Amino acid sequence: MTRVSYDFKSIQCKWQDELAGFSVSNAEILSSKDACYILEMLPYPSGKFHMGHVRNYTIGDVVARRKRMEGYKVIHPIGWDSFGMPAENAAMSNGNHPRKWTVSNISDMAEQLRCFGYMYDWKREISTCSAEYYTQEQKIFLDFYKLGLVYRKRSYVNWDPVDQTVLANEQVIDGRGWRSGAVVEKKFLEQWSIRITAYAEGLLAGLEDLRGVWPDKVLKMQENWIGKSSGAIVNFKLVESDENIIVFTTRPDTLFGASFIAISPDHKIAKRLAQTDDTVRNFVDECSRMSTTEEAIEKAEKKGIFTGLHVRHPVMPGEVLMVYIANFVVIDYGTGAVFGCPAHDERDFEFATKYGLPIIPVIDTEDPLPYVGDGPHINSQFLDGLHLDEAKERMILYIEELGIGHRETTYRLRDWLVSRQRYWGCPIPIIRCPKCGDVPADSPVLLPDDVEFDGKGNPLEKHPTWKYVKCPRCGEDAIRETDTLDTFFESSWYFLRYLDPQLTTPINMEMERAALPVDLYIGGVEHAVLHLLYARFFMLALRDAGYVSGSIPFKALLTQGMVTHKAYKNNAGEWVYPSDVVRDANGNMIDGSGNPVTEYPAEKMSKSKKNVVSSESIIDSHGVDAVRLFTVSDTPPEKDFEWNTDALDGAVRFLRRVWKVFSTLSSSREQHGNTILLKTTHMYIKQISEKYETNSLNKVVALLREFFNEIEDNVETEDEGSLLSAFETFTKMLYPMVPFICHEMWAMLGHTTKISDEPWPQYDEKLAAVETVTIAIQVNGRMRGTFTVEKDADDELVIQRAFEALGDKYDRSSAKKIFVVQNRIVNVVL
RNA sequence: GCCCUUGUGGCGGAACCGGUAGACGCAGCAGACUCAAAAUCUGCCGCUCUUUUGAGCAUGGGAGUUCGAGUCUCCCCGAGGGCACCA
């Protein structure tokens with residue numbers, strides 16, 4: 001065998017093209033029953049390929065390569081989420097057109113992906129900013145429109161003052177824009193929305209199908225986001241007029257404890273009063289100025305103002321309740337009005353105490369008020385003595401009987417606001433005609449290229465000609481909608497487009513039946529309620545629009561953790577690159593100029609903290625295989641991964657050792673009898689396959705290293721053929737993680753076929769079986785030694801051997817009881 | 001405030017269904033090779049006492065169930081995440 005040293009650079013060069021991709025045609029997929037769709041969240045082409053990408057795509061590639069060896073027709077596509085703000089911002093700062101900027105970034109990033117040896121089907125590549133993609137999306141949009149799932153209305157919306165656009169609820173995190181981080185303002189604007197709330201129940205039910213295959217955390221987050229609550233609607237009649245105040249409650253059982261009504265400052269009655277009453281107007285204005293950030297809400301005092309109005313108690317004739325406008329009642333949940341039951345609600349209690357309102361207990365309890373738990377009802381006429389669930393039920397039936405209310409379920413989920421006042425997005429294909437109203441565009445709406453970026457407003461709005469069109473219905477002058485779609489719209493269905501990216505209709509349904517749901521979807525957990533909720537909604541809506549047959553986009557989900565690194569700051573308050581931190585003579589950390597440095601705990605890699613590691617420099621110094629191996633070693637995929645250059649060195653060291661053993665192998669395949677390594681090999685095939693199956697890649701690496709240690713230990717003693725055979729099996733199982741070195745070794749071992757075409761190793765149950773086991777001996781539950789015995793030996797023999805091993809110190813006759821767990825333990829109780 | 005997850009050596013992490021805690025690595029220590037260093041190889045490596053042998057203590061803390069608990073139950077503490085004037 002050739003004895004050249006491990007030179008990762010030449011190996012990378014040699015196999016780059018070989019590894020760059022595998023294509024499986026639709027014909028192959030449709031004719032076989034073994035499609036396996038492995039997908040990683042598509043990247044935004046920022047131009048920067050960071051360690052988060054490396055981790056995400058390495059995990060996906062390892063899984064895809066192994067599935068392919070297992071004989072599946074693997075669909076493993078890649079594409080570009082290429083609409084969005086950064087391209088437009090770049091255009092504003094350097095005058096480069098967003099398309100040019102985007103295309104050039106895509107080519108840079110595609111090159112990086114090739115460098116890492118990721119196996120993609122490049123024939124399926126898509127870019128969401130291409131007309132082929134977004135014009136198909138417009139068809140979907142219009143079909144949703146026809147189904148009544150799209151509407152335009154004026155309402156309070158989240159306005160991001162930095163990105164100069166509105167945002168969906170899901171995109172506001174702690175009162176700030178998800179991308180810009182700016183405090184979101186409330187504006188009353190006319191915007192396009194998607195009726196995702198129509199699918200609230202379906203989205204909730206769909207979570208049940210994903211239990212066990214999606215992380216519990218994600219299911220829980222979506223469940224909370226949808227926020228179903230059941231209760232009742234109750235009408236309270238105003239004393240002063242014929243009007244009603246409609247209230248939603250989850251506690252109709254406490255209706256007899258009602259002592260006031262509170263309406264939102266944005267409630268129509270509050271607004272009407274504000275027109276004539278200065279005190280009310282001042283109060284309403286004050287509330288609208290109130291910040292909606294978390295901290296502000298935390299601190300805000302419960303405040304209210306009496307309207308002068310009263311309502312009749314719906315179930316206690318003769319009783320009258322005062323109506324307040326209160327700052328804690330929000331307009332966009334329930335009906336924007338509540339009844340206050342201070343005895344059994346903390347907020348109502350605070351309010352009632354402040355304004356001297358009655359506190360009427362209706363649940364018998366020893367606990368101090370407010371008491372929100374269950375208990376027998378009191379002061380509640382026909383509910384007296386009943387507990388929570390039954391009391392609720394009886395009250396709902398009662399108000400339904402009286403015709404003053406009904407059972408009601410509400411959701412926290414809001415409709416998805418999808419219009420954005422930006423250029424670089426999919427144009428909303430609607431034409432606004434003064435005569436006909438909103439009319440669907442009769443042909444695809446292309447983004448014009450000749451636009452100006454001066455940073456003020458939407459360039460489409462200011463384009464001299466683009467928006468002026470004739471109405472497709474009446475032929476009169478009309479204008480195009482100049483808003484574009486939220487970019488989450490594109491990522492909500494791209495996994496369907498990969499199945500047939502050139503098709504002249506949006507989705508190839510035959511392929512959808514064959515390939516969906518995606519078998520494994522890999523990406524960051526930050527999309528738990530954004531992208532992952534929208535994609536689930538899309539499947540439901542697309543099914544109703546006749547585009548797909550299934551309802552689940554992703555069968556299994558793996559949310560990988562962040563890549564983190566320690567950060568360092570010097571005494572001047574500047575962040576310092578980890579590589580610039582050294583230790584002085586006293587062992588204290590200092591930077592290059594000798595300033596003392598403080599270490600900060602590992603955090604997500606970010607340029608501003610200088611704790612980034614560039615993928616280019618690291619593959620240059622350590623090689624792609626080592627980086628790939630390292631990123632799947634040690635840490636489970638779903639946990640945060642702390643970058644550690646020493647451990648990366650360890651990965652290189654391991655590959656060198658592998659190479660060293662490889663270069664001493666003989667080409668002889670002659671084997672002499674039943675060897676130790678044969679059994680070892682089968683045991684490891686079994687274990688490693690199992691760990692791959694659950695995507696426990698860190699455990700796969702540990703087992704591969706154990707297996708290799710065994711091979712290495714037997715280099716001198718095993719016959720050449722057995723050694724070679726064990727090593728080849730090892731190489732096949734190592735290959736999905738480090739494809740470059742494995743391709744090279746496989747070829748040099750004299751194979752004319754490629755390792756990527758090898759079938760996954762199978763094990764023989766008999767050979768993989770353990771023959772002897774080590775049994776632990778305990779006396780009164782304390783470890784007192786071990787002994788070995790053949791597997792499945794009967795208890796009597798095991799007990800005998802245990803006492804032999806214990807020696808003279810213990811006598812069997814003095815044992816009160818002896819517990820034997822087969823193949824594991826003997827516990828002698830004295 | 002509510003909900004969820006989580007806590008194991010100096011570090012990342014293993015440990016099937018309650019049955020030998022610490023696999024596999026990283027760091028560290030000692031030795032071999034070397035003029036020396038690096039690389040490589042060999043050995044050690046939870047803590048305390050002990051000459052070896054061994055004994056005791058150890059999975060955030062405290063109780064409990066059990067022959068036996070990292071694993072199950074209850075209480076408390078810490079960390080991370082989600083939601084939030086949600087009626």
Side-chain angles (χ1 to χ4, degrees), chain A residues 173-175 215-225 227-229 231 247-252 254 262 264 290 292 294 296-303 326-330 332-341 345-348 350-351 372 410-412 525-526 528-529 561 601-602 630 633-636 638-651 653-654 656-657 660 687 690 696 698-709 773-787 815-830:
Chain A
I173 319 259
D174 289 345
D216 287 342
K217 181 168 67 164
V218 175
L219 297 178
K220 199 78 201 168
M221 279 164 76
Q222 292 212 0
E223 195 184 313
N224 288 342
W225 190 261
K228 178 177 179 170
S229 53
V247 158
F248 171 72
T249 178
T250 54
R251 294 292 301 271
T254 62
S264 162
M290 208 174 73
T292 51
E294 196 183 327
I297 288 168
E298 196 73 37
K299 274 184 249 149
E301 197 188 348
K302 311 263 171 292
K303 271 199 209 165
N327 64 351
F328 62 84
V329 183
V330 295
D332 50 4
Y333 183 79
T335 58
V338 298
F339 77 76
C341 175
D345 181 285
E346 287 183 32
R347 206 187 28 210
D348 296 346
E350 190 184 331
F351 192 80
V372 295
T410 57
Y411 299 89
R412 213 191 61 92
V525 73
E526 65 272 19
V529 283
F630 170 57
S633 301
D634 299 346
T635 306
E638 59 280 0
K639 291 188 74 173
D640 284 354
F641 177 91
E642 190 179 334
W643 189 263
N644 173 351
T645 308
D646 286 327
L648 174 61
D649 292 339
R653 215 150 43 219
F654 177 67
R656 272 202 221 108
R657 269 168 62 206
K660 201 164 148 194
Q687 292 184 58
E690 281 166 8
S696 309
N698 57 318
K699 293 180 206 166
V700 170
V701 175
L703 288 168
L704 280 166
R705 296 184 94 127
E706 275 183 30
F707 183 22
F708 179 73
N709 289 345
V773 288
T774 305
I775 308 268
I777 313 169
Q778 291 186 344
V779 176
N780 289 334
R782 291 183 164 272
M783 275 294 297
R784 284 296 179 265
T786 59
F787 63 93
K816 274 196 205 122
K817 199 159 187 184
I818 301 172
F819 291 85
V820 180
V821 179
Q822 198 172 51
N823 301 327
R824 293 212 173 267
I825 204 163
V826 177
N827 189 8
V828 179
V829 183
L830 295 175

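Note that the coordinates shown come from a computational prediction; the quantities given were computed from them, not determined experimentally.
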Ignoring backbone atoms, test whether [X] places a side-chain nitrogen or oxygen under 4.0 Å from the OP1 or OP2 oxygen of [N].
X      : N     : value
A/R412 : B/A84 : yes
A/K217 : B/U6  : no
A/N224 : B/C4  : no

Roughly how many Å apart are [M] and [N], using the [atom1] atom of each and rounding to a whole number?
N     : M     : atom1 : result
B/U73 : B/C11 : C1'   : 33 Å
B/A14 : B/U50 : C1'   : 31 Å
B/G46 : B/A21 : P     : 14 Å
B/A79 : B/C85 : C1'   : 28 Å
B/G7  : B/C76 : C1'   : 14 Å
B/C49 : B/G31 : P     : 24 Å
B/G64 : B/U52 : C1'   : 40 Å
B/U5  : B/U20 : P     : 26 Å

Using Watson-Crick geometry (N1-N3 plus N6-O4 or O6-N4) or G-U wobble (N1-O2, O6-N3), each under 3.5 Å, B/C11 is paired with B/G25
The Watson-Crick or G-U wobble partner of B/C57, with both key distances under 3.5 Å, is B/G46
Per the glycosidic torsion and the 90° limit around 0, nucleotide B/C74 is anti
Judged by whether its glycosidic angle lies within 90° of 0, B/G61 is anti
What's touching nucleotides 47-57 of chain B from the protein side, N or O pairs under 3.5 Å?
residue, atom, partner, partner atom, Å
B/C57, OP2, A/R782, NH1, 3.0
B/C57, OP2, A/R782, NH2, 3.0

Please state how far atom [atom1] in [X] lies from atom [atom2] in [N], giving the value in whole angstrom units.
X      : N     : atom1 : atom2 : answer
A/F328 : B/A84 : CZ    : P     : 18 Å
A/Q687 : B/C24 : CD    : P     : 12 Å
A/D646 : B/C11 : CG    : C1'   : 11 Å
A/Y411 : B/A84 : OH    : C1'   : 20 Å
A/E642 : B/G80 : CD    : C1'   : 15 Å
A/N823 : B/U20 : CG    : P     : 12 Å

Between A/D640 and A/G334, whichever has its closest RNA chain B nucleotide further toward 5' is A/D640
Comparing nearest nucleotides in RNA chain B, the 5'-proximal residue of the pair A/V338, A/M221 is A/M221
From C-beta outward on [X], which listed nucleotide comes closest to its side chain: [options]?
X      : options             : answer
A/I825 : B/G12, B/U20, B/C83 : B/U20
A/P636 : B/G82, B/C26, B/A14 : B/A14
A/K220 : B/C4, B/A87, B/U20  : B/C4
A/K639 : B/C83, B/G13, B/U20 : B/G13

Are the side chains of [X] and [Y] in touch, meaning some heavy atoms are under 4.5 Å apart?
X      : Y      : value
A/F641 : A/D634 : no
A/R347 : A/V329 : no
A/S264 : A/V330 : no
A/N327 : A/F351 : no
A/W643 : A/T645 : yes
A/V701 : A/N698 : no

Any chance you could measure [X], atom [atom1], to [Y], atom [atom2], to the nearest 0.5 Å?
X      : Y      : atom1 : atom2 : result
A/S633 : A/N644 : OG    : CG    : 11.0 Å
A/T786 : A/I777 : OG1   : CD1   : 7.0 Å
A/D216 : A/M221 : CG    : CE    : 13.0 Å

In short, A/F708 meets A/R657 closest at the heavy-atom pair CZ-O, 3.5 Å
Would you tabulate the pairs of protein nitrogen or oxygen atoms and nucleotide nitrogen or oxygen atoms of nucleotides 64-68 of chain B closer than 3.5 angstrom?
residue, atom, partner, partner atom, Å
B/C67, O2', A/N827, ND2, 3.2
B/C67, O2, A/N827, ND2, 2.5

Applied to residues 776-785 of chain A, the side chain to side chain donor-acceptor pair (under 3.5 Å) test, sequence neighbours excluded, yields none
Over all strands shown, is [X] touching base, sugar-phosphate only, or nothing at heavy-atom distances under 4.0 angstrom?
X      : answer
A/T335 : nothing
A/T249 : sugar-phosphate
A/D348 : nothing
A/G227 : nothing
A/N698 : sugar-phosphate
A/V329 : base
A/D634 : base

Self-check item: Six-ring centre of A/F654, A/R705 cation under 6.0 angstrom, axis tolerance 45°
Solution: yes
Under a 4.0 Å heavy-atom cutoff, the residues of residues 700-708 of chain A touching RNA chain B are A/A702, A/R705, A/E706
Protein-proximity profile, nucleotides 39-46 of chain B, B/S/- by nucleotide at the 4.0 Å heavy-atom cutoff, equals -SS-----
Looking at A/E526, I'd like to know if its CD atom is crowded, meaning that more than 12 non-hydrogen atoms belonging to other residues, nucleotides or ligands lie closer than 6.0 Å.
yes
The side chain to side chain contact (heavy atoms under 4.5 Å, CB included) partners of A/E706 (sequence neighbours excluded) come to A/Y684, A/L703
